[in-house]
Amino acid sequence: MDFRKSDLKTEHKKLEKIREIHIESTYFDLEKTLYCGQAFRWRKAGDVFYAPIDHSVVVARKTAVTSTIQTNKTESYIFEIYGDDFTKEQLITYFDLNRDYASILEEISGIDEHLKAAVLYGKGIRIMRQGLVEMLITFILSSNNNIPKISMTVEALCEKFGDALGVYNGEVLYSFPTIAQLSDASLEDLNVKAIGYRAKSLYATVQLLLNSQLDLNEPFRLSHHTSVEWLKQFHGVGNKVANCILLFAYGDYEAFPVDTWVKRMLNELYGVEKKHEAFVESYFTKFPGIAQQYLFYYIRKG
DNA sequence: TTTCAGGTGGTGC
DNA sequence: GCACCACCTGAA
């Protein structure tokens, strides 16, 4: 019999609370932000959301909602930080809370009626700023795949190659593995749950990062179009995946990922049957990435 | 049992 | 350039 897993669980030191961060913000809805398709590791237990970020465990809950006369909500949240420290400044960067969404959404709403409805429906969504390696690998695993299965594979990868951070809500949480932690893995080793043929892409990507001088910070210095081409040198990264990585890791708001849902939406709402990318580039000229995320949420959930 | 799912890369024209 | 199609796997 194999007791290893439960033994390990009891061995994990109790997560120590480092700090509490209070966030008050308009145009910030945590649940929508976490579950609009950009994040894969956040879990919900009751009214609490939690996830590993770097080597911290972050636990969040909403504490209050106050409305002004103009129906503008201000939401209050408490974030508890366990394990490694994670500062308020880091949290604000992670959820991009310093950006003026009021004016951005107003601009986007002005484009047409569809966007106006999408913005109204998705109000509170923020484009997160997540880790470069985490987004690169996660979106390589996302191709021809669905969210539950992507999460499954990501967690399996973290459990096998990441660091155990501690137990929360009865489960061990693991950090996302670094390239160094994946460096010794053979193709066989990378064959974790539900990964399938994507293991080859992951293996090739890890090897390329190890054996080249490629610096994942490069897209910060390049134009949007050059960044897309730069990211496509990694196996398993095509236009859609490159745009997701640029939007969710690099904060490149020119990125506009076009997947099967967005294609369907472009067809149904705008009559675009092909050359989607050309249409997108000429039509969504104001914060394309944010417009895309609101439209995506609108058609998926609305 | 079959089909489909938040694409990509290889092939053929 | 552009249109096909194989591809791992879990869920319905």
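Naming convention: chains lettered A, B, ... in sequence-line order (proteins, then strands); numbering from 1 in each chain. Only this structure's heavy atoms are used, side chains among them; waters, hydrogens and symmetry mates stay out.
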Whole angstrom value for the distance that separates [atom2] of [N] from [atom1] of [X]:
X: A:Leu136; N: B:dT8; atom1: CG; atom2: P; answer: 13 Å
X: A:Ile150; N: B:dA5; atom1: CD1; atom2: C1'; answer: 9 Å
X: A:Gln292; N: B:dG6; atom1: CD; atom2: P; answer: 14 Å
X: A:Lys232; N: B:dG10; atom1: NZ; atom2: C1'; answer: 14 Å
X: A:Leu141; N: C:dT9; atom1: CG; atom2: P; answer: 14 Å
X: A:Asn145; N: C:dA11; atom1: CG; atom2: P; answer: 12 Å

### Query
Does the side chain to side chain contact (heavy atoms under 4.5 Å, CB included) test come out yes or no for A:Leu209 and A:Leu136, once each step is laid out?
CA-CA 11 Å; A:Leu209 281 170; A:Leu136 174 65; 4.0 Å; yes

### Query
Would you call A:Phe139 stacked on B:dG6, i.e. ring centres under 5.5 Å apart with the planes less than 30° off parallel?
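Here the ring of A:Phe139 and the base of B:dG6 are not stacked, as the 5.5 Å and 30° limits are not both satisfied.
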
### Query
Where the side chain of A:Ile147 is defined as all heavy atoms beyond and including C-beta, which of B:dG6, B:dG7, C:dG10 is the nearest nucleotide?
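Nucleotide nearest to A:Ile147's side chain: B:dG6.
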
### Task
Looking only at side-chain atoms of A:Lys275, point me to the closest of B:dG6, B:dG9, C:dC2.
C:dC2

Counting any heavy atom closer than 4.0 Å, what does [X] reach on the DNA or RNA strands: base, sugar-phosphate only, or nothing?
X: A:Gly37; result: base
X: A:Phe40; result: nothing
X: A:Val262; result: nothing

### Task
Decide yes or no on side chain to side chain contact (heavy atoms under 4.5 Å, CB included) for A:Phe28 and A:Thr33, but give the supporting numbers first.
CA-CA 8 Å; A:Phe28 178 49; A:Thr33 297; 3.9 Å; yes

### Query
Which pairs with one or both residues in residues 230-240 of chain A pass salt bridge (Lys or Arg N to Asp or Glu O under 4.0 Å), sequence neighbours excluded?
A:Glu229-A:Lys232

### Message
On a heavy-atom basis, which atom in A:Ser212 and which in A:Leu208 lie closest, and how many Å separate them?
### Response
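Closest pair (atom of A:Ser212, atom of A:Leu208, distance): OG-O, 2.6 Å.
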
With the threshold set at 4.0 Å, does a side-chain nitrogen-carboxylate oxygen contact exist between [X] and [Y]?
X: A:Arg264; Y: A:Asp259; value: no
X: A:Glu31; Y: A:Lys62; value: no
X: A:Glu277; Y: A:Lys263; value: no

### Message
Dot-bracket, 5' to 3', for DNA chain B please: Watson-Crick or G-U pairs under 3.5 Å, [ ] where pairs cross earlier ones, | where the partner sits on another strand, dots elsewhere.
### Response
.||||.|||||||

### Query
Is it true that a side-chain atom of A:Lys32 and a backbone atom of A:Lys123 form a donor plus acceptor pair closer than 3.5 Å?
yes

### Under 3.5 Å: donor-acceptor pair, side chain of A:Ser175, backbone of A:Gly162
no

N/O-N/O pairs, protein side and nucleotides 6-8 of chain C side, under 3.5 Å:
| residue | atom | partner | partner atom | Å |
| --- | --- | --- | --- | --- |
| C:dC8 | O4' | A:Tyr197 | N | 3.2 |
| C:dC8 | O2 | A:Arg198 | NH1 | 3.1 |
| C:dC8 | N4 | A:Asn144 | ND2 | 3.4 |

